[in-house]
Asks: 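Got a structure for you, questions after.
Small disclaimer: the values here were computed from a predicted structure and weren't measured. Position 1 is the first residue of the sequence; numbering continues from there.
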Amino acid sequence: MEGNYGVIAEGWFNGVFVSSLGKAGVGKDGKLKHDACYTLDSALYRALKRCANKYRFSKDGIDGWIEFPSLPATTQDAMIEEISNFVELEMIEPTLFRTTFTEATFENAMRKVWG
């Protein structure tokens, strides 16, 4: 099913609240953008990718930091796929969804992908 989808991913890393608001088809106000994601899968991928980048930064700091888009595509895909296996989507509106995560979700995904 193709359409106008958005996903809000939210959770806590090291006591800091992290959200994907402003990306993945959702504005910073939490409302679906007019030019949102074409599929639900792409919206979920983009939301988790934004949070994964924030998690990696909070964990690794500036030293040795590599922006998520600079990682090999296979690494990006493997990490987001691993995370998406553990999150559940909750419908807010017909094409707007929300998911929450824990720091452990991202830590376990990194451990599996980077071994």
Asks: Share the residues that join Ile8 in a hydrophobic cluster, the rule being Ile, Leu, Val, Met, Phe, Trp or Tyr side chains under 4.5 Å apart at the heavy-atom level.
Replies: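 Result for Ile8 is Leu21, Val26, Leu32, Ile92, Leu96.
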
Asks: In Å and rounded to the nearest 0.5 Å, what is the CG to CZ distance from Asp41 to Arg46?
Replies: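 Those atoms lie 13.5 Å apart.
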
Asks: From Glu90 CD over to Phe97 CZ, what is the distance, rounded to the nearest 0.5 angstrom?
Replies: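 Here the rounded value is 10.5 Å.
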
Asks: Quick one: list whatever passes salt bridge (Lys or Arg N to Asp or Glu O under 4.0 Å) with Glu81, sequence neighbours left out.
Replies: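 In terms of salt bridge (Lys or Arg N to Asp or Glu O under 4.0 Å), with neighbours along the sequence ignored, Glu81 is linked to no residue.
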
Asks: What distance do Lys28 atom NZ and Lys33 atom NZ have between them, rounded to the nearest 0.5 Å?
Replies: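 One gets 9.0 Å once the value is rounded to the nearest 0.5 Å.
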
Asks: Less than 4.5 Å apart, side chain to side chain, heavy atoms only: is that true for Asp35 and Asn4?
Replies: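 No; the side chains remain at least 4.5 Å from each other.
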
Asks: Once rounded to the nearest 0.5 Å, what's the spacing between atom OH of Tyr5 and atom OG1 of Thr39?
Replies: 8.0 Å

Asks: Ignoring hydrogens, what is the shortest heavy-atom contact between Ala24 and Cys37? Give both atom names and the distance.
Replies: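 Taking every non-hydrogen atom into account, C-SG, 3.7 Å.
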
Asks: Would you give the length of the straight line joining atom CG of Leu48 to atom CZ of Phe106, rounded to the nearest 0.5 angstrom?
Replies: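 If we round to the nearest 0.5 Å, Leu48:CG and Phe106:CZ are 5.5 Å apart.
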
Asks: To the nearest 0.5 Å, tell me how far Ile83 CD1 sits from Tyr45 OH.
Replies: 10.0 Å

Asks: I'd like to know whether the aromatic ring centres of Phe101 and Phe13 sit less than 6.0 Å apart in this structure.
Replies: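 Distance test on ring centres: under 6.0 Å, yes.
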
Asks: Mind checking salt bridge (Lys or Arg N to Asp or Glu O under 4.0 Å) for Glu82 and listing every partner two or more places apart, or none if nothing turns up?
Replies: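 Counting only residues at least two positions away or on another chain, Glu82 forms a salt bridge (Lys or Arg N to Asp or Glu O under 4.0 Å) with Lys112.
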
Asks: Which pair of heavy atoms, one from Cys51 and one from Ser19, lies closest together, and at what distance?
Replies: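 Looks like SG-C, 4.1 Å.
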
Asks: Hey, does the side chain of Ser20 reach the backbone of Lys23 with a donor-acceptor pair shorter than 3.5 angstrom?
Replies: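 Answer holds: no.
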
